[in-house]
Amino acid sequence: MSKIKTLQPIASRRQFLLTGLAALTFAGLNSAYAREESKALKTQNGHSTPSRKSGGRRVIVLDPGHGGIDSGALGSNGSMEKHVVLAIAKNVRTILRQKGYDARLTRTTDEFIPLYDRVEIAHKHGADLFMSIHADGFTNPSVSGASVFALSNRGASSAMAKYLSERENAADDVAGSKAKNRDHYLQQVLFDLVQTDTISNSLTLGSHVLKQIRAVHRLHSKSTEQAAFVVLKSPSIPSVLVETSFITNPAEERLLGTTAFRQKIAHAIAGGVVNYFNWFDNHKAHSKRKAAS
């Protein structure tokens, strides 16, 4: 440790008192900051409050579904959802970064992350948008096409939405009771005006993503579906879950295994995100002009 230089003598009693006061104030502020950082600010449903961003770029958190001990849906030829969606999410991240967005992933490797932690990652990064990416399965191998889901506080919008949400919400089962118990409170229906507005924005985001996907791939659902997906339960971050295809459909499993399709669907998803923010900015500007008039 380097030696501390000897302090110059204090010129006067007044200067001495002022110096001491300044030191005490600085110490007090540091102590206050430390206390604030040690407290987890909680929202109504228990999530930490989203962090404030220091920069001007929008933060987008992309969530590749499943991972680690949770392989997700399996294709008839052995494809695993967890690997497919990670590759697609990385492509989306690259495209969005090229467009000037700060895109991040909840996982970059084959690891298991509980549903609660996925939403927490978005909050800690101060996300402006959260998107969970999947390639789910169904009991009927003929079912195909892409879908986009937003949160619902009134039940599922279709039988398929209910089936998929129940399937996704059971993802933590493989980790045992510890992860399941941590997610339990997320099942509470605690919605306020902030979350209602968030759901509305999520539906709009979903419509923009669907419009872009429609141009490159078949849709299973033509409008944004809704269900009680645990991973979408942020009270303040617009969130959607994108089912890129059904990996249990042999033809779509083959598509998902190709670099060309992964790039194509990634460009569509990224395009939907960009169009959503363009809409959001225009909508916000229009609201301000209307309020000022």
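Since the structure is predicted, the reported quantities are computational estimates derived from the model, not experimental observations.
Other cluster members for Leu74: Met80, joined by side-chain heavy-atom distances under 4.5 Å among Ile, Leu, Val, Met, Phe, Trp and Tyr.
Without hydrogens or angle criteria, Glu243 side chain to Ser147 main chain gives no donor-acceptor distance under 3.5 Å. The closest donor-acceptor contact from the side chain of Asp110 to the backbone of Gly68 lies under 3.5 Å. Here the side chain of Asp128 pairs no donor or acceptor atom with the backbone of Ile60 at under 3.5 angstrom. The closest donor-acceptor contact from the side chain of Ser239 to the backbone of Ile237 lies under 3.5 Å. Of the possible polar contacts, one joining the Thr198 side chain to the Pro235 backbone as a donor-acceptor pair under 3.5 Å is found. Side-chain atoms of Thr224 come within 3.5 Å of backbone N or O of Ser207 as a donor-acceptor pair.
For residues 257-281, the set of pairs meeting the side chain to side chain donor-acceptor pair (under 3.5 Å) definition, not counting sequence neighbours, comprises Arg58-Asp281. Contacts classified as side chain to side chain donor-acceptor pair (under 3.5 Å) and involving residues 83-107 (residues at least two apart or in different chains) are given here: Asp63-Thr106, Asp102-Arg104, Arg104-His125. Listed by first then second residue, pairs satisfying ring-ring contact (aromatic ring centres under 6.0 Å, His included) with a partner in residues 237-262 read His217-Phe261, His220-Phe246, not counting sequence neighbours.
Salt bridge status for Lys82 with Asp70: absent, with no side-chain N to carboxylate O gap under 4.0 Å.
Summarising the geometry of Leu62 relative to Ala103, their closest heavy-atom pair is CD1-CB, 4.5 Å, with the distance given to 0.1 Å.
Taken together through direct or relayed side-chain contacts under 4.5 Å among Ile, Leu, Val, Met, Phe, Trp and Tyr, Leu210 and Ile199 form parts of separate hydrophobic clusters.
The side-chain heavy atoms of Val231 and Ser132, taken from C-beta on, include a pair separated by under 4.5 Å. In this structure, the side chains of Val240 and Phe130 stay at 4.5 Å or more apart for every pair of heavy atoms. Val273 places a side-chain heavy atom less than 4.5 Å from the side chain of Leu96.
Shown here are the ring-ring contact (aromatic ring centres under 6.0 Å, His included) partners of Phe229, two or more places apart in sequence or in another chain: Phe149. Evaluation of the side-chain contact (heavy atoms from CB on, under 4.5 Å) rule for Arg214 yields Lys211, Leu219 as partners, not counting sequence neighbours.
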